[in-house]
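Report on the structure given below.
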Amino acid sequence: MHILIINPNSTATMTEAIGAAARRAAAPGTTITAVNPQSGPAAIQGAEDGAAALPGLFALFDAAMAEGRYDAVIIACFDDTGLLTLKERSPVPVLGIGEAGFAAAMLVAERFSVVTTLAVSLPVIRGNLAAYGWAGRCAGLRASGVPVLDLEDGGTTVVETIAEEIARALDEDACQAVVLGCAGMADLAESMTERFGLPVIDGVAAAVTFCEGLKRAGIGSSRPEAAPAAP
């Protein structure tokens, strides 16, 4: 299958890292194409940045659907920027990495916590959980205080700051899983899972895996070539 990943912010280096994380998670035979708008906010930190990113996001999406070569689309912002609008008009499944991270957590845990970047993102994430009907499964929403673009550095200070917030979530929230609340944290999921001994979930990998599962199950696409053959 062919999955299109749209990073709604305009930082190409982050898009490259997201694409690499998605390819590591993908099954053999899955093609990943990762793109971002050429203009718009360099990072999405709160509702204002999300709104500013919508024109570029929608333009990329519409151009991709006109090409007709993608089996699924992933919106690679944990705020699930523009997600519900795109679901309504898409001929193929559209998943957000926030949505996918939450869903994966609920499959393995009764209650999960989210560790994200800055506090300005918390109202958006809280609103999404309520809109999806999943707020009752979330034990805590936590901001690490690490700006989105600082995640590209991936230095010890950044990693340890996020680890400290995960540790606080485990101590205070009574959660059984933690969802990393930014695409830029994708590379930390495996090491944090090993470090803390419970699922620490990356929404990019979860979204790729869910897209592949939907394709194998024949669910979600209205493209004529994806329709099953008549018996």
Side-chain angles (χ1 to χ4, degrees), residues 1-45 49-50 52-87 89-104 116-117 121 147-154 179-190 201-215 220-221 223:
M1 70 177 306
H2 194 169
I3 300 173
L4 174 68
I5 298 181
I6 304 178
N7 171 18
N9 75 43
S10 59
T11 301
T13 52
M14 181 169 288
T15 304
E16 292 169 6
I18 292 167
R23 292 181 188 99
R24 289 194 296 272
T30 295
T31 299
I32 302 290
T33 296
V35 299
N36 60 264
Q38 297 302 304
S39 60
I44 297 178
Q45 299 175 133
D49 286 336
L54 290 177
L57 168 63
F58 291 161
L60 281 175
F61 178 85
D62 290 341
M65 291 303 98
E67 294 176 11
R69 62 193 182 100
Y70 299 104
D71 299 294
V73 178
I74 294 171
I75 307 304
C77 174
F78 197 81
D79 289 2
D80 288 346
T81 306
L83 178 65
L84 297 183
T85 298
L86 293 180
K87 282 181 182 288
R89 69 196 211 196
S90 178
V92 300
V94 183
L95 279 65
I97 65 167
E99 172 189 48
F102 303 146
T116 189
T117 51
S121 295
V148 169
L149 296 182
D150 284 7
L151 294 168
E152 291 196 89
D153 170 56
V179 182
L180 296 174
C182 181
M185 296 180 181
D187 289 343
L188 299 179
E190 184 176 356
I201 296 165
D202 158 42
V204 174
V208 169
T209 302
F210 285 141
C211 286
E212 291 174 335
L214 291 171
K215 174 71 170 177
S221 177
R223 293 199 302 154

Task: Taking every non-hydrogen atom, the tightest pair across S10 and G40 - done: OG-O, 3.1 Å
Task: Q38 atom CD: more than 12 heavy-atom contacts under 6.0 Å - done: no
Open item on the list: I need the M14 CE to I44 CD1 distance, nearest 0.5 Å.
Closed with: 10.0 Å
Open item on the list: Tell me the closest heavy-atom pair linking A76 and A183, and the distance in Å.
Closed with: O-CB, 3.7 Å
Open item on the list: Does any part of the side chain of R89, heavy atoms only, come nearer than 4.5 Å to the side chain of D62, both counted from C-beta?
Closed with: yes
Task: Test ring pair (Phe, Tyr, Trp, His ring centres under 6.0 Å) applied to F61 - qualifying residues, sequence neighbours left out - done: none
Open item on the list: As an exercise, state the distance from CD1 of I5 to CG of N36, rounded to the nearest 0.5 Å.
Closed with: 12.0 Å
TODO: Return the minimal non-hydrogen interatomic distance between G101 and A206, and the atom names on each side.
DONE: N-CB, 4.4 Å
- [ ] Verify, without hydrogens or angle tests, whether Q45 (side chain) and V148 (backbone) share a donor-acceptor contact under 3.5 angstrom.
- [x] yes
TODO: Would you indicate whether the side-chain heavy atoms of L57 and L86 approach each other to under 4.5 Å?
DONE: yes
- [ ] Go through the steps for S121 and D79 under the test side chain to side chain contact (heavy atoms under 4.5 Å, CB included), then give the verdict.
- [x] CA-CA 7 Å; S121 295; D79 289 2; 4.2 Å; yes
- [ ] Please answer whether the main-chain N or O of A205 pairs with a side-chain N or O of D202 as donor and acceptor at a distance below 3.5 Å.
- [x] yes
Under 3.5 Å, which donor-acceptor pairs do the side chains of residues 19-32 form with other protein atoms, sequence neighbours left out?
{"from": "R23", "atom 1": "NH1", "to": "G19", "atom 2": "O", "distance (Å)": "3.3"}
{"from": "R23", "atom 1": "NH2", "to": "I32", "atom 2": "O", "distance (Å)": "3.1"}
{"from": "R24", "atom 1": "NH2", "to": "D187", "atom 2": "OD1", "distance (Å)": "2.4"}
{"from": "T30", "atom 1": "OG1", "to": "E212", "atom 2": "OE2", "distance (Å)": "2.7"}

Open item on the list: Closer than 3.5 angstrom, by distance alone: can the side chain of S90 be matched with the main-chain N or O of V92 as a donor-acceptor pair?
Closed with: yes
Task: Considering all heavy atoms, the nearest A100-F210 contact - done: O-CE1, 3.4 Å
Task: Spacing of CD1 belonging to I6 relative to OG1 belonging to T15, to within rounding of 0.5 Å - done: 10.5 Å
- [ ] To the nearest 0.5 Å, tell me how far L83 CG sits from L95 CG.
- [x] 7.5 Å
Open item on the list: Using every non-hydrogen atom in the two residues, find where A42 and T11 come nearest and quote the distance to one decimal.
Closed with: O-OG1, 2.5 Å
TODO: In sequence, state the C-alpha distance, the side-chain angles, and the governing distance for T81 and L54, and then conclude on side chain to side chain contact (heavy atoms under 4.5 Å, CB included).
DONE: CA-CA 7 Å; T81 306; L54 290 177; 3.7 Å; yes
TODO: Specify the closest pair of heavy atoms between P55 and A52, including all atoms of both residues, with the distance to one decimal.
DONE: CD-O, 3.4 Å
TODO: Would you give the length of the straight line joining atom SG of C211 to atom NE2 of H2, rounded to the nearest 0.5 angstrom?
DONE: 12.0 Å
- [ ] Begin with the C-alpha distance, continue with both residues' side-chain angles, and end with the deciding distance and a verdict on side chain to side chain contact (heavy atoms under 4.5 Å, CB included) for V73 and M65.
- [x] CA-CA 10 Å; V73 178; M65 291 303 98; 3.7 Å; yes
Open item on the list: Return the CD1 to CE distance between I97 and M185, rounded to the nearest 0.5 Å.
Closed with: 10.0 Å
